[in-house]
Protein chains: 2
Amino acid sequence: MYSIGDLSRLTKVKVPTIRYYEQMGLLDAPERSEGNQRRFGKPELERLAFIRHARDLGLKIDSIRQLIDLSGHPDRPCGDADRIAKEQLASVRERIASLRKLEAELERIATCCTGETVGDCYVIRALSDHALCDGDH
Amino acid sequence: MYSIGDLSRLTKVKVPTIRYYEQMGLLDAPERSEGNQRRFGKPELERLAFIRHARDLGLKIDSIRQLIDLSGHPDRPCGDADRIAKEQLASVRERIASLRKLEAELERIATCCTGETVGDCYVIRALSDHALCDGDH
DNA sequence: CTAATTGCTCCAGTGGCTAGAGGTTCAAGA
DNA sequence: TCTTGAACCTCTAGCCACTGGAGCAATTAG
């Protein structure tokens with residue numbers, strides 16, 4: 001049996017966050033000690049590790065809830081789980097693409113400033129005048 | 001003179017967001033019509049475009065406020081503006097790096113699922129068992 | 001003049017936590 | 001066994017950057 005603090009140390013998920021996941025329905029309400037403190041077992045530990053991993057991968061709480069529901073029905077076809085992973089991959093790729101545009105523009109802005117004062121600072125000019133941008137955004 | 005709706009169309013910033021920026025002190029309180037409606041001029045339009053651009057580049061409201069304050073003092077040295085841009089560039093690069101790790105892992109997860117049912121779905125197994133991961137995260 | 005559109009303020013909600021107040025329980029050492 | 005201090009409990013509010021709705025007032029096109 002693990003206390004909430006044990007679970008926190010084992011999974012690197014902060015204590016209030018564990019309680020939050022319970023509230024959000026990602027974790028079932030666990031057993032309690034006589035003094036009303038939460039007591040978790042192995043399955044809860046594993047589920048929390050699952051949630052942590054999925055969150056690290058950028059999945060939304062709602063997607064995780066769907067995956068947990070799915071994993072409770074091992075006989076169902078797994079097309080949904082597949083779809084969730086593929087959608088997540090697509091959105092990660094989109095985010096990378098747009099961040100790379102930002103990187104390029106910021107690089108230009110941040111490295112081209114040769115001015116000494118704000119009046120002729122390239123950073124501020126570039127932010128004021130969109131026409132100084134190369135790309136479209 | 002532009003109404004708030006005009007400004008919204010011209011800058012692609014939603015009307016409530018413009019009011020929010022005013023509340024946050026990024027935009028000065030504008031003139032009002034006799035009927036108490038906001039009336040903006042060119043300088044407000046330009047400042048909102050500046051804000052929009054900076055937000056698109058991922059700058060936080062607070063950084064934008066600093067830049068606006070700076071741009072009101074064209075005689076000061078521009079080291080601060082430079083620093084804000086460079087910090088932003090560094091954080092964009094960090095985000096790209098971690099997203100690329102996610103991309104690699106999600107790709108593995110999402111393309112390796114050959115199972116038919118949830119019971120043997122690679123997506124769910126990979127999320128449950130961290131040991132299936134290549135990298136460290 | 002009328003009707004549709006746009007504007008106003010104020011308040012509440014989003015997501016995913018995080019932190020604090022004020023109190024209770026637990027576990028280890030004396 | 002007692003004590004002390006850490007860890008736990010619930011409840012509430014706050015974070016960021018908006019977004020949306022209610023209920024009403026002003027503007028504008030026909």
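Source: prediction; values computed, not measured. Sequence lines set the chain letters: A, B, ... in the order given, protein chains first and strands last, and positions in each chain run from 1.
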>> Check whether B:T17 reaches the backbone of B:V13 with its side chain - one donor and one acceptor, N or O, closer than 3.5 Å.
In response: no
>> Can you measure A:I18 atom CD1 to D:dC8 atom C1' for me and round it to whole angstrom units?
In response: 12 Å
> Donor-acceptor pair, A:Q88 side chain versus A:G58 backbone, under 3.5 Å?
Replying inline: yes
>> I need the CE-P distance between B:M24 and D:dT19, as an integer number of Å.
In response: 14 Å
>> For B:E87, is the CD atom crowded, meaning more than 12 foreign heavy atoms sit under 6.0 Å from it?
In response: yes
> If only atom types and distance count, is the side chain of B:R100 paired as donor or acceptor with the main-chain N or O of A:I96 below 3.5 Å?
Replying inline: no
> Is a donor on one side and an acceptor on the other found under 3.5 Å between the side chain of A:R47 and the backbone of A:L26?
Replying inline: yes
> Taking CD1 from B:I51 and C1' from D:dA17, how many angstroms apart are they, rounded to a whole number?
Replying inline: 13 Å
>> Base contacts versus sugar-phosphate-only contacts with protein, heavy atoms under 4.0 Å: please encode nucleotides 5-18 of chain C as B, S and - from 5' to 3'.
In response: --SSB------BBS
> Backbone N or O of A:M24 within a donor-acceptor pair of the A:R65 side chain at under 3.5 Å?
Replying inline: yes
> So, the side chain of B:R52 versus the backbone of B:D56: is there a donor-acceptor pair under 3.5 Å, distance only?
Replying inline: no
>> Tell me the interatomic distance from B:I64, atom CD1, to D:dC16, atom P, rounded to whole angstroms.
In response: 13 Å
Detail all sub-3.5 Å separations between protein N/O atoms and N/O atoms belonging to nucleotides 13-15 of chain D.
none

> Ignoring hydrogens and geometry, is there a side-chain-to-backbone donor-acceptor pair from B:D6 to B:S3 under 3.5 Å?
Replying inline: yes
